[in-house]
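A quick write-up on the structure given underneath.
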Amino acid sequence: MKIVIANDHAAVDMKMEIMTYLQELGHEVLNIGTDTADRCNYPEYGEKAARLVVSGEADCGVLICGTGVGISIAANKVKGIRAAVCSEPTTARLVKEHNNANMIAFGARIVGPEAAKAIIDAYLNAEFQGGRHAERVALIGAIEERECGADDRAV
Ligand code: RB5
């Protein structure tokens, strides 16, 4: 898969480790950055990564900041993004199976590298179950349409 990864200054070391892990699994990784410990603004990185997912240039995305929350909130402002913060593998599996999450997020200050890898594994190995879940995901899309209108679709 082609996977975009983005992070802020709180998660550089974690990003490097996860990027290597994804590459070892055979995935192509698009690294949005940041790659330095200089303080930066997570919304910029979350948005860039989200736009690559919505455009189809990436199949899915991994977002990492201190908690995983800020960068995922930013990504979720991009139409078509369903980014989910996970701190353990069961949630990571379910956000794919039920919510068809196209980005997964976690906090470098919340989980360690091994837990992060387990979260990634659970997410990547899961499949969207469709059916009643597809109807609910469509209802999420309908909220976006009412909020933004079709003309604002991110490309
Ligand atoms: C940065 O200090 C921190 O606020 C950020 O990484 C993230 O946790 C925000 O949600």
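Everything quoted here is computed from the prediction, not taken from an experiment. Index from 1, following the sequence. First listed ligand is number 1; within each ligand, the first listed atom is number 1. Values reported hereafter were calculated over all heavy atoms of this structure, with side chains retained and with hydrogens, waters and symmetry mates removed.
Across Leu52, Val62, Leu63, a single residue satisfies side chain to side chain contact (heavy atoms under 4.5 Å, CB included) together with Val4, and that is Leu52.
Atom 4 (O) of ligand 1 has Tyr42 CE2, 4.4 Å as its closest protein atom, hydrogens excluded (heavy atom only). Scanning the protein heavy atoms around atom 5 (C) of ligand 1, the nearest turns out to be Asp8 OD2, 3.2 Å. Scanning the protein heavy atoms around atom 8 (O) of ligand 1, the nearest turns out to be Thr67 N, 3.0 Å. Counting only heavy atoms of the protein, atom 10 (O) of ligand 1 lies nearest to Gly70 N, 2.9 Å.
In terms of polar-atom proximity, Val69 is not counted as a contact of ligand 1, lacking any N or O under 3.5 Å from an N or O of the ligand. When only interatomic distances are considered, the shortest N/O to N/O separation between Gly66 and ligand 1 falls below 3.5 Å.
Atom numbering of ligand 1 starts at 1 in the shown order; those under 4.0 Å from a heavy atom of Arg109 are 1 (C), 2 (O), 3 (C).
Glu144 places no side-chain N or O within 3.5 Å of a backbone atom of Glu147 that could act as its donor or acceptor partner. Distance alone, capped at 3.5 Å, places no donor-acceptor pair between the Lys77 side chain and the Pro43 backbone. Counting only distance, with no hydrogens or angles, the side chain of Arg82 and the backbone of Asn99 share a donor-acceptor pair below 3.5 Å.
The structure places CE of Met14 at 7.0 Å from CD of Glu17, a figure rounded to the nearest 0.5 Å.
Here Glu114 pairs with Lys117 in a salt bridge; the nearest charged N to carboxylate O distance falls below 4.0 Å.
If you look at Ala10 next to ligand 1, the close heavy atoms, those under 4.0 Å, all belong to the side chain.
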